[in-house]
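What follows is a single structure, written as structure tokens, with notes after it.
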Amino acid sequence: MIAIGCGVAASEVSVASTAPNRAASSGTTDWPWPGRDSSNSRSAVGSAIVASNINRLAPVWDVPTPGALTTAALIVGNTVYAEDDRCVVVAVDRSTGRTIWQSPSAGFTIGPEGVAVASGRVYATTSNGVEALDEGSGQTIWTRQLTNTATSGVDIQPTVVGNQVLMATVPVSPGIQYQGGDRGQLYALNARSGTVDWSFDTVDSPDLWGNPAVNSGGGAWYPPAVDVGAGVVYWGTANPGPFPGTTQYPNGSSRPGPNLYTDSTVALTLKTGRLRWFDQAVPHDLFDQDFVDTLVTEANINGTTQKVVVGTGKGGQVLGMDPTTGHVLWKTTVGAHENHDLTALPGPTPVLPGTYGGVLSPPAAADGRVYLAVLNAPSVLSPDKTAYFGGQIGTMNGEVDAIDAATGRHLWTASIPGDPTGGATVVNDLVITGTYQGQLIALNRQTGRVVWTTNLGYGISGWMAIAGDLLVVPTGTVGTRGHLVAFRLPAR
């Protein structure tokens with residue numbers, strides 16, 4: 001997925017306690033979680049950046065990294081932390097951009113990867129698991145391997161909740177993708193020791209839907225949303241394989257049935273990993289639709305403020321669900337769609353969104369609205385060939401969509417030149433995204449009108465963090481070094 005995971009190698013892109021941890025309880029001048037907060041709102045609370053002054057933002061430092069940066073940096077106190085696809089972690093002085101420490105490489109991942117910060121430790125992705133580093137020095141405290149085959153991998157930014165580190169595996173490694181028998185798992189690790197508290201198998205079939213020699217699937221690519229008070233974690237899960245099919249098993253016929261729990265939202269008890277409910281958005285997925293994004297927001301439903309779990313992914317579907325029962329409150333689509341409702345391909349067929357399309361990066365939510373960056377990237381797929389690579393970006397304009405969190409009703413759609421792989425981030429009266437072609441674009445949150453653009457000179461395949469008057473953008477695309485670029489409002 002364009003250097004940001006979801007089952008596609010970057011090099012193949014074509015143009016527990018439930019108490020909050022220290023980082024989570026930081027003030028409004030920090031960005032302490034991957035999604036800013038445990039609910040994945042990606043809403044920059046307390047920032048000084050607004051529509052009337054964003055054109056005064058100026059670059060203040062630029063820190064190169066050995067590999068591409070494919071997720072959000074964390075801003076905690078006086079330090080910015082980030083990890084690149086070489087699993088190199090950097091700690092940078094927030095004010096000056098001076099590198100405080102840099103860890104040695106812990107392998108290579110397809111991405112995404114990243115860090116969590118809590119209780120004096122930095123938790124970082126490795127090629128086969130997770131490591132805990134000392135927050136002050138970067139020295140390794142412990143490492144934990146999570147993969148159980150040489151052909152599976154770890155491509156997710158850690159999340160720390162209380163004394164648990166939430167991680168996942170996927171049936172994808174830099175060398176081999178969707179090897180028969182590989183099954184993605186969700187994990188909670190003890191934050192102090194790295195031991196496994198619990199795991200959840202996202203393949204609900206002991207024999208991998210009848211053919212373990214061929215089939216694989218599941219896992220997670222993006223950090224889950226967590227309702228800390230309720231003690232529930234909401235994960236979005238990845239697709240089944242092979243897709244669309246093989247010569248012997250066209251149209252996924254090696255894996256009959258819905259292929260649970262792929263392309264689903266699963267709600268688990270945070271302390272134990274027990275399944276509370278699930279909703280499968282895409283049964284028997286043929287098109288790599290990775291329903292991997294989740295967030296929890298609030299909406300006014302029939303005059304009452306209620307929580308809503310929002311799930312979305314590469315298929316361009318967006319679902320609003322009841323957080324207690326999983327009942328689907330609404331369902332809508334975003335982006336361009338062609339042949340996307342087919343349950344079998346008759347032959348080579350154009351499909352939109354394709355394998356690099358749809359909601360490819362995390363959405364944001366604020367004030368009863370959900371904002372989504374959408375790629376309109378087509379693929380031509382055949383029933384008897386695998387399509388792990390080959391999606392076409394750079395062929396159609398992308399878009400940013402705003403939808404009502406109570407009803408799923410479209411509020412506005414804004415065309416974006418290029419491919420908005422930089423997610424959506426809310427800051428006051430703005431929603432900001434970044435493109436694979438290197439532009440930062442800010443839109444009026446009420447109307448979708450573009451109010452500011454700037455060209456970084458680097459492609460963006462991670463998502464920004466905003467805290468106070470600081471905006472930090474991770475950059476890096478196919479085969480490039482990364483740059484952690486900071487913008488700041490000038491002092492008055």
Side-chain angles (χ1 to χ4, degrees), residues 1-14 108-112 127-128 146-156 168-186 201-222 236-264 280 282-292 313-315 344-345 351 353-358 360 379-391:
M1 193 217 332
I2 312 176
I4 50 178
C6 283
V8 178
S11 60
E12 301 293 340
V13 171
S14 58
F108 172 77
T109 71
I110 288 174
S127 59
N128 60 15
L146 298 177
T147 57
N148 52 27
T149 72
T151 51
S152 56
V154 176
D155 293 280
I156 192 170
T169 61
V170 286
V172 174
S173 69
I176 298 178
Q177 294 77 44
Y178 301 99
Q179 178 71 29
D182 284 347
R183 48 206 302 148
Q185 305 266 346
L186 312 178
D201 191 344
T202 61
V203 175
D204 184 30
S205 171
D207 65 349
L208 253 165
W209 314 305
N211 197 334
V214 174
N215 298 333
S216 62
W221 297 90
Y222 290 155
T237 65
N239 57 279
F243 59 87
T246 67
T247 302
Q248 186 177 4
Y249 299 105
N251 286 315
S253 55
S254 63
R255 47 180 177 88
N259 305 147
L260 292 174
Y261 298 102
T262 62
D263 293 306
S264 299
Q280 188 175 45
V282 188
H284 195 74
D285 179 14
L286 297 180
F287 303 144
D288 188 20
Q289 296 188 47
D290 282 337
F291 201 78
V292 291
K314 289 164 61 179
L345 296 170
V351 176
T355 54
Y356 298 159
L360 201 65
S379 291
V380 176
L381 303 176
S382 298
D384 55 353
K385 297 179 181 178
T386 59
Y388 306 151
F389 314 116

Checklist line | Stepwise side-chain hydrogen bond (donor to acceptor under 3.5 Å, both in side chains) test for Asp182 and Thr151 | finding: CA-CA 7 Å; Asp182 284 347; Thr151 51; 2.6 Å; yes
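- Formation of a donor-acceptor pair under 3.5 Å by the Thr237 side chain with backbone atoms of Gly218 is not found in this model.
- When all heavy atoms of Gln280 and Pro258 are compared, the closest pair comes out as NE2-O, 2.8 Å.
- Taken from OG in Ser216 to CD1 in Ile176, the straight-line distance is 11.0 Å, to the nearest 0.5 Å.
- Atom CG in Asn239 sits 8.0 Å away from atom CH2 in Trp221 (nearest 0.5 Å).
- In terms of heavy-atom proximity, Pro353 sits nearest to Gly358 at CB-N, 3.4 Å.
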Margin query: One pair to check against side chain to side chain contact (heavy atoms under 4.5 Å, CB included): Gln289 and Phe243. What are the steps and the verdict?
Written below: CA-CA 10 Å; Gln289 296 188 47; Phe243 59 87; over 6 Å; no
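- Within the 4.5 Å cutoff, the side chain of Lys314 has heavy atoms near those of the Leu360 side chain.
- Contact annotation: the side chain of Arg183 approaches that of Leu208 to within less than 4.5 Å [non-hydrogen atoms, C-beta and beyond].
- With hydrogens and angles ignored, the 3.5 Å screen pairs a side-chain donor or acceptor of Asp263 with a backbone N or O of Asp290.
- In this structure, the side chains of Pro240 and Trp209 come closer than 4.5 Å at one or more pairs of heavy atoms.
- Atom CZ of Phe291 is separated from atom CG of Asp285 by 11.5 Å, given to the nearest 0.5 angstrom.
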Next item on the list: Quick one: do Phe287 and Leu381 satisfy side chain to side chain contact (heavy atoms under 4.5 Å, CB included)? Show the steps, please.
Entry: CA-CA 8 Å; Phe287 303 144; Leu381 303 176; 3.5 Å; yes
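- Note on ring orientation: taking the six-membered ring where Trp is involved, the planes of Tyr388 and Tyr178 are tilted (angle from 30° to 60°).
- The closest side-chain heavy-atom distance from Ile156 to Pro112 is not below 4.5 Å.
- Looking at heavy atoms from C-beta onward, Val214 lies in side-chain contact with Pro242 at the 4.5 angstrom threshold.
- Residue Arg255 holds its CZ atom at 12.5 Å from OG of Ser205, rounded to the nearest 0.5 Å.
- Between His284 and Asn259, the shortest heavy-atom contact is ND1-OD1, 3.2 Å.
- Taking all atoms of both residues into account, the shortest heavy-atom contact from Leu186 to Ala220 is CD2-CB, 3.7 Å.
- Nearest heavy-atom pair, Gly184 versus Asp201, reported as atom, atom and distance to 0.1 Å: O-OD1, 3.8 Å.
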Next item on the list: Any chance you could lay out the side chain to side chain contact (heavy atoms under 4.5 Å, CB included) test for Thr262 and Thr202, step after step, and finish with the verdict?
Entry: CA-CA 7 Å; Thr262 62; Thr202 61; 5.9 Å; no
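- In terms of heavy-atom proximity, Thr109 sits nearest to Asp155 at CB-OD1, 3.3 Å.
- In this structure, the separation between CG on Asn128 and OG on Ser173 is 11.0 Å, given to the nearest 0.5 Å.
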Notebook entry, point to check: Passes side chain to side chain contact (heavy atoms under 4.5 Å, CB included), Ile110 versus Gln177? Steps please.
Noted result: CA-CA 10 Å; Ile110 288 174; Gln177 294 77 44; 4.1 Å; yes
